[in-house]
Amino acid sequence: MALVEAIGVRKSFGHTEVLRGIDLEVERGEVVCLLGPSGAGKSTFLRCVNHLETIDAGRIWVDGVPVGFRAAGGKLFELREHEVARQRRDVGMVFQRFNLFPHRTALENVMEGPVQVLRRDRAEVRAEALALLERVGLAEKAGAYPGQLSGGQQQRVAIARALAMKPKLMLFDEPTSALDPELVGEVLDVMTSLARDGMTMIVVTHEIGFARSVADRVVFLVDGAVVESGTPADVLDNPQQPRTQQFLAKVF
Amino acid sequence: MASDLRPNDLREDLVVVPLRHPWRWVSGAVIVLIIAGLGWAMAEAQIQWEDVPGFFTHPVMLEGLLNTIVLAVCAQGGAIVLGVVIALMRLSANPVARWFAVGYIWLFRGLPVLLQILIWFNLALVFKNISIPMLFSVPTNVVMTAFVAALLGLGLNESAYMAEIVRAGLSSVDAGQTEAAKSIGMTPMTTLRRVVLPQAMRVIIPPTGNNFINMIKGTSMASVIAFLELIHAANNISSRNLEIMETLFAAAAWYLVMVSLASVGQHYLERAYGPR
């Protein structure tokens, strides 16, 4: 069974239907990049996977569990917020605007989840958090506050913060869109190494180069629906749909 | 206007005349004169200055001081707790809770504190007993002492202001912070305690400090229901020796001491929660 199975996902904001029935499967260890013009619903879909948005119709299963629900006796029971919180432990998320906790140091940001949510031993978590900061190349910035870090450094701390929960799945919501061009590379490098280590990832991005070299599969969304999906070689180099061709022509 | 200097004229002995500010000297002198005049007037006034220190440390004055501090701290403390609750109700998804919060703030912020204190103090006139059927019942005039009436009047009014301050503080925290907290599996309570409130404090503390200073002075209104705070203590002392101004000055000095200490405390709190 696939790690993520989305079936007929629909979502409206007011009268605007943002997702019009999305079907998507992501296998364990797979890296899927969501591409498409702005307003296509890529970020909204990603947020639905983490139940930051509730969906209007359809279902999303992560690791055999329906997101936001409990299956029992052939029925689905909507979960309370603190029960949803338990489901989110297994899914890491990285935001466009980093969203680090500004009143805590880089190390404290990374430790926050395991200590406060998983109630794990502080000393043990601290050692792991330092190792994670080392992994994203920021061991020497452990004591720095987010305001003292560059955008690229903040985003790498944010990745370490998500990894500290040892998630089964990582969601990246345009992780490099708010960065100065010269800082994009350092964040993509961390994500590339994460993909190489076998992490399951769904990445909303405009970095075609990253999608080409790292993604196992590229999914192209337009107006809340999947237009084309396949390997990077198929979708990026030999697009079949006119909307995909138009978009790629503009990007390159 | 033609200049008699060239741009490249860089003689060592060139005289540069700084701009004069004669009006600064004049206005400064006027202010000093006014202060000196006031000082002279105070010295000439028929005040027994030598008696003021005695009233400052008079046992009745010290009792009034202690009561003032206890009342101000209890009323403010209660108001902060209630204010957080009302603010959370105001931001709640439950429409009944939201309406209640709006009505609560409308009522307790809308009525003068003095009126509220008087209503609480005279509650026994209309309700002989305070009771919850089958649980307990107590005579109102036993419960509603001057202290309790003042505490309710000051505290409930302040809680309405605190609710608005806390709401502004909570709303000032970026929505992305809550989302990030959720994404690492935090429950709503943990998110509030670990992520939102610490950041909201930066917005909450300055107006709360201001309000506490107002609260210290506002306790003086409890004197109308004969609660022994500083003003009432001063009146008690002066009713015996008729040195009304001298005892009031002693009370005034205590207010300034308390307010100064509160300002210092606020400064350190602001620094503790300040930007990194």
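These numbers come from a predicted model, not from an experiment. In what follows, every heavy atom counts, from backbone to side chain, and hydrogens, waters and symmetry copies are set aside. We name chains A, B, ... by the order of the sequence lines, and we start the count at 1 in each one.
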**Request:** Can you establish whether the number of heavy atoms outside B:Phe127 located under 6.0 Å from its atom CZ is more than 12?
**Result:** no
Applied to residues 39-51 of chain A, the salt bridge (Lys or Arg N to Asp or Glu O under 4.0 Å) test, sequence neighbours excluded, yields A:Arg47-A:Glu53, A:Arg47-B:Glu179
Residues pairing under salt bridge (Lys or Arg N to Asp or Glu O under 4.0 Å) where one sits in residues 132-149 of chain A, two or more places apart or in two chains, turn out to be A:Arg135-A:Asp197
Side-chain contact, heavy-atom cut-off 4.5 Å: B:Lys182 with A:His51?
-> no
Worksheet item: Does atom CZ of A:Arg80 have more than 12 heavy-atom neighbours from other groups under 6.0 Å away?
Response: no
Nearest heavy-atom contact between B:Arg194 and A:Glu112 is NE-OE2, 2.7 Å
Should the heavy atoms of other residues, nucleotides or ligands under 6.0 Å from CZ of A:Arg120 be counted, would the total exceed 12? yes
For atom CZ of A:Arg86, is the number of surrounding heavy atoms from other residues, nucleotides or ligands below 6.0 Å larger than 12? no
Using a 6.0 Å cut-off, check whether atom OH of B:Tyr268 has over 12 heavy atoms from anything other than its own residue. no
When rounded to the nearest 0.5 Å, the distance separating OG1 of B:Thr191 from NE2 of A:His82 is 13.0 Å
Here the pair of heavy atoms bringing B:Ser183 nearest to A:Phe95 is OG-CE1, 3.7 Å
Any donor-acceptor pair under 3.5 Å linking the side chain of B:Gln177 with the backbone of A:Leu100?
yes
Okay, A:Val117 and chain B: the region with an atom under 4.5 Å from a heavy atom over there is side chain
Correct closest heavy-atom pair for A:Asn99 and B:Ala180 would be O-CB, 3.3 Å
If you tally heavy-atom pairs under 4.5 Å between each of A:Arg88, A:Arg89, A:Glu83 and chain B, the highest tally belongs to A:Arg88
For B:Phe147, the ring pair (Phe, Tyr, Trp, His ring centres under 6.0 Å) test, sequence neighbours excluded, returns B:Phe227
Within residues 161-174 of chain A, the residues sitting under 4.5 Å from chain B by heavy atom, in sequence order, are A:Arg161, A:Met165
Rounded to the nearest 0.5 angstrom, the OG1-CD distance for B:Thr187 and A:Gln116 is 9.5 Å
